Amino acid sequence: MKKDRIAQIAALIDKRGKLTLKQLEEFFPQASQMTLRRDLLLLEQEGKVIRIRGGAMSVKDVQKTSGVPYTQKTTIHTDEKIQIAQKAAKLIEPHASFFLDAGTTALYLAKELPDIPCNVFTNGLAVATELSKKKNVNINLLGGPLLKDNLSTTSSLASMYFQDTNFQLAVISAAAFTPESGFSCESQLEADLFKTIRNKAKSTYMMLDSSKIGKVKPYTFARIEDLNVLITDAAFPEELKAEIEKKNIVVL
């Protein structure tokens with residue numbers, strides 16, 4: 001019975017692309033919401049769905065636009081990324097103009113962002129595709145060579161592209177962080193892009209899930225002092241949070 005229900009849930013989500021818990025309750029009235037949540041958790045562990053706030057979406061559906069490597073990243077530390085994305089979404093006000101990077105945390109933010117009038121610059125194809133589902137969001141996609149593993153574009157001419165553009169806020173996610181090495185990533189071009197973005201914006205919001213702490217990637221693009229707000233999850237170490245807040249950085 002349980003296996004049949006879970007198989008039916010997987011098939012429904014694959015068919016529809018995305019289902020909410022409320023919709024699942026309508027399909028399976030004899031199952032409690034807690035039971036359905038456990039079913040979705042099991043399907044996520046099996047790599048068949050990606051849980052989002054209030055439901056789940058099909059891995060196959062994401063792969064249609066995101067590609068396998070990028071999709072695999074979206075299934076890692078999902079709860080933390082959703083938590084961070086929900087916090088970040090609350091900070092975006094109507095008519096804001098901001099840059100959003102191509103990472104999987106940024107993808108969750110694109111999902112969580114309300115359909116409000118705003119102007120978004122991004123180098124992420126999957127992020128832009130998700131934002132395109134919102135009618136009030138204006139999207140500006142950075143050109144340049146495509147990095148297939150994370151479906152992002154980079155360009156040595158990015159500084160020229162952004163010279164005559166205006167946005168108040170940079171919302172960036174880091175692949176790694178230590179207090180000594182700062183926030184780092186794997187690509188020199190991406191690091192240069194983030195530095196350009198950070199210098200252009202009036203405020204910088206960094207999204208960092210706690211699994212990235214203690215890791216170092218080849219290229220540092222920001223230090224703690226460069227931030228205005230650090231958005232993280234519940235597992236972020238309290239001692240490190242206190243240390244960062246001493247530098248007048250808001251930690252959410």
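Residue indices begin at 1 and follow the sequence shown. All of these numbers come straight from a predicted model, not from anything done at the bench.
- A side-chain donor from one of S173 and D101 sits under 3.5 Å from a side-chain acceptor of the other.
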*Kindly determine whether V171 and T204 satisfy side chain to side chain contact (heavy atoms under 4.5 Å, CB included), including the steps that lead there.*
CA-CA 6 Å; V171 185; T204 298; over 6 Å; no
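- Side-chain atoms of D4 and Q8 include no donor-acceptor pair closer than 3.5 Å.
- Between V229 and L91, the shortest heavy-atom distance links the atoms CG1-CD1, 4.4 Å.
- Closest approach of Y161 and L141 over heavy atoms only: OH-O, 4.0 Å.
- Between D209 and K81 there is no salt bridge, since no side-chain N of the basic residue sits under 4.0 Å from a carboxylate O of the acidic one.
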*Apply the test side-chain hydrogen bond (donor to acceptor under 3.5 Å, both in side chains) to residues S132 and T129: give CA-CA distance (whole Å), side-chain angles for both, the deciding distance (0.1 Å), then the verdict.*
CA-CA 5 Å; S132 70; T129 299; 5.5 Å; no
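- Within the structure, the ring-ring contact (aromatic ring centres under 6.0 Å, His included) test picks out the following pairs touching residues 207-252 (sequence neighbours left out): F194-F221.
- Between F162 and F167, the ring planes lie perpendicular to each other; the angle is over 60°, past the 30° to 60° tilted range.
- Salt bridge annotation for D115-K135: absent, with no cationic side-chain nitrogen under 4.0 angstrom from a carboxylate oxygen.
- The line from CG of L193 to SG of C185 is 9.0 Å long, rounded to the nearest 0.5 Å.
- Taking the six-membered ring for Trp and the full ring otherwise, the centers of F121 and F99 sit at least 6.0 Å from each other.
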Determine all donor-acceptor pairs shorter than 3.5 Å in which one atom belongs to a side chain in residues 238-252; sequence neighbours excluded.
none

*Quick one: do N140 and N119 satisfy side-chain hydrogen bond (donor to acceptor under 3.5 Å, both in side chains)? Show the steps, please.*
CA-CA 8 Å; N140 305 273; N119 195 45; 3.0 Å; yes
*asked:* The test is side chain to side chain contact (heavy atoms under 4.5 Å, CB included); show your working for T220 and F183 and say whether it passes.
replied: CA-CA 6 Å; T220 294; F183 301 91; 5.9 Å; no
*May I have the step-by-step check of side-chain hydrogen bond (donor to acceptor under 3.5 Å, both in side chains) for D233 and S210, ending in yes or no?*
CA-CA 6 Å; D233 55 71; S210 53; 2.9 Å; yes
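- Considering all non-hydrogen atoms of both residues, A88 and I231 come closest at CB-CD1, 3.7 Å.
- Nearest approach of G182 to R223, heavy atoms of both residues: N-NH1, 3.7 Å.
- For the atom pair E130 CD and E112 CD, the distance stands at 9.5 Å (nearest 0.5 Å).
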